[in-house]
Amino acid sequence: MDSVAIIVINRDRPDLTDAVVEQVRDMGAGLDVGLYVVEAGSSPQGRSRHATHSFHDPTYRGRYFAFNQGLAFAHADRPAWDYYWFVCNDIVFAPGQDTLRLLWEAMQTDPAMAAIGPAEPEADDYQGCFPKPGRQWHKASTIHGLAMLMRGTAYREVGYCSPRFHYSQGAGTEFAYNVYRAGWFLAYSDVATLYHAPGGSTYGQVVPLSRHEYQRRARNFAAKELRRRYGPNWDEVFTAVLPPDVEDNTFPWQKQVWETRLRRNYKADFPRFFRAGSRVKQALRRLIGRG
């Protein structure tokens, strides 16, 4: 019986985390499952009722830092799991769908599959994640990290997404390059699906950082970090390791998105300053009008 460590992370959103745990804890029929619900510095009132582990993280160092902490907790119980399932809390699985079992079954069809994620039929911000009818799975250059099942042997050879990427964008792209360079591949399921929960989970919700500013910082960090480590044509370097049967190459698209700079929205980031400035302007106008 294969073992699977399910790692779910929470940062002050017990509503989302409890809902996704309610779904995943009944998945994995026939598998030896261990569930790790990791609190990434949540406040006492923001903890999930299913929490199993926690660590101190006052500034919130991001999704992949939290998942790497979850790996450490899982390895304290068992040094080598057969599979790892990394589950974000701002997602919803199709009702009645044993997503974990479907992903695991897909991985049994090809021992070179390092990781697989559920398709996202309604995604409008990530290329290549749509299901392809009539198939069980298809190869992809990159997969989103929302509910990725990873083979333990691939993890021990390649590693996981780097915690350097506090804003998450770019981590999965570097991970994909490492996977393909080592002779493994990534896939999306065409039968298991998920949907994004509306409103987001952390940035713009429980961390004092607007969603726009999060996106701006994420793009800037991904663009600079990948250029620094792999050169200005990193997308071409990454593309060179892809096998010919990868149908959707997302590397050039990702580079274009990340290198398209977003302007900072100072009014949204510093509302008190602008409100104070507005009051000063109104006072000056009244004084001038009286003069």
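Just so it is clear, the structure is predicted and the values come from calculations on it, not from any experiment.
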Taking only residues two or more places apart in sequence or in another chain, which ones pass ring-ring contact (aromatic ring centres under 6.0 Å, His included) with Phe86? Phe67, Tyr160

Val92 with Val87, same ILVMFWY side-chain cluster at under 4.5 Å: no

Taking side-chain contact (heavy atoms from CB on, under 4.5 Å) as the definition, give me every residue that meets it alongside Ser3, ordered by chain and number, with sequence neighbours left out. Asp32, Arg78, Trp81, Asp82

Do you know which two heavy atoms are closest between Gly117 and Ile143, and how far apart they sit? N-CD1, 3.8 Å

With sequence neighbours excluded, tell me which residues meet side-chain contact (heavy atoms from CB on, under 4.5 Å) with Thr193. Ala94, Gln97, Ala119, Pro121, Tyr195

Under the side-chain contact (heavy atoms from CB on, under 4.5 Å) test, residues paired with Arg228 that sit two or more places apart: Glu225

Answer with yes or no whether the side chains of Arg217 and Asn220 bring together a donor and an acceptor at under 3.5 Å. no

His53: which residues meet the side chain to side chain donor-acceptor pair (under 3.5 Å) condition with it, sequence neighbours left out? none

For the residue pair Thr173 / Thr142, report whether a side-chain donor-acceptor contact shorter than 3.5 Å exists. no

Atom pair CE (Met107) and CE (Met150), whose distance is rounded to the nearest 0.5 Å: 8.0 Å

Sub-4.5 Å side-chain heavy-atom contact between Gln169 and Phe165: no

Taking everything shown except Gln108 itself, do over 12 heavy atoms lie less than 6.0 Å from its CD? yes

Can you name the residues that form a ring-ring contact (aromatic ring centres under 6.0 Å, His included) with Phe175, not counting sequence neighbours? none

Less than 6.0 Å separating the ring centroids of His166 and Tyr60? no

Residues pairing under salt bridge (charged side-chain N to carboxylate O under 4.0 Å, His left out) where one sits in residues 230-239, two or more places apart or in two chains, turn out to be Asp235-Lys255

Determine, for Glu259 against Arg219, whether the closest basic-nitrogen to carboxylate-oxygen distance falls under 4.0 angstrom. no

Partners passing ring-ring contact (aromatic ring centres under 6.0 Å, His included) against Phe65 (at least two apart in sequence or in another chain): Phe55

With Tyr180 via ring-ring contact (aromatic ring centres under 6.0 Å, His included) - residues at least two apart: none

Aromatic ring proximity Tyr84/Trp104, centre distance under 6.0 Å: no

Are side-chain heavy atoms of Trp137 and Met113 found at a separation under 4.5 Å? yes

Determine whether His50 and Tyr36 satisfy the following criterion, ring pair (Phe, Tyr, Trp, His ring centres under 6.0 Å), listing intermediate values before the conclusion. CA-CA 9 Å; His50 301 292; Tyr36 298 83; over 10 Å; no

Could you pull out all residues at least two apart from Glu247 that satisfy salt bridge (Lys or Arg N to Asp or Glu O under 4.0 Å)? Lys132, Arg135

Determine whether the side chains of Tyr230 and Glu174 contain a donor N or O and an acceptor N or O closer than 3.5 Å. yes

Please report whether the ring centroid of Trp184 lies less than 6.0 Å from that of Tyr155. no

Under the salt bridge (charged side-chain N to carboxylate O under 4.0 Å, His left out) rule, what pairs show up with a residue in residues 144-156, not counting sequence neighbours? none

If you measure only the distance, is there a donor-acceptor pair under 3.5 Å linking the side chains of Glu39 and Asn10? yes

Taking all atoms of both residues into account, what is the closest heavy-atom pair of Ile91 and Cys88, and its distance? CG1-O, 3.3 Å

Check side-chain contact (heavy atoms from CB on, under 4.5 Å) between Asp245 and all other residues, then give those that pass, not counting sequence neighbours. Lys139, Pro243

Please confirm whether the backbone N or O of Asp57 pairs with a side-chain atom of Arg11, one donor and one acceptor, at under 3.5 Å? yes

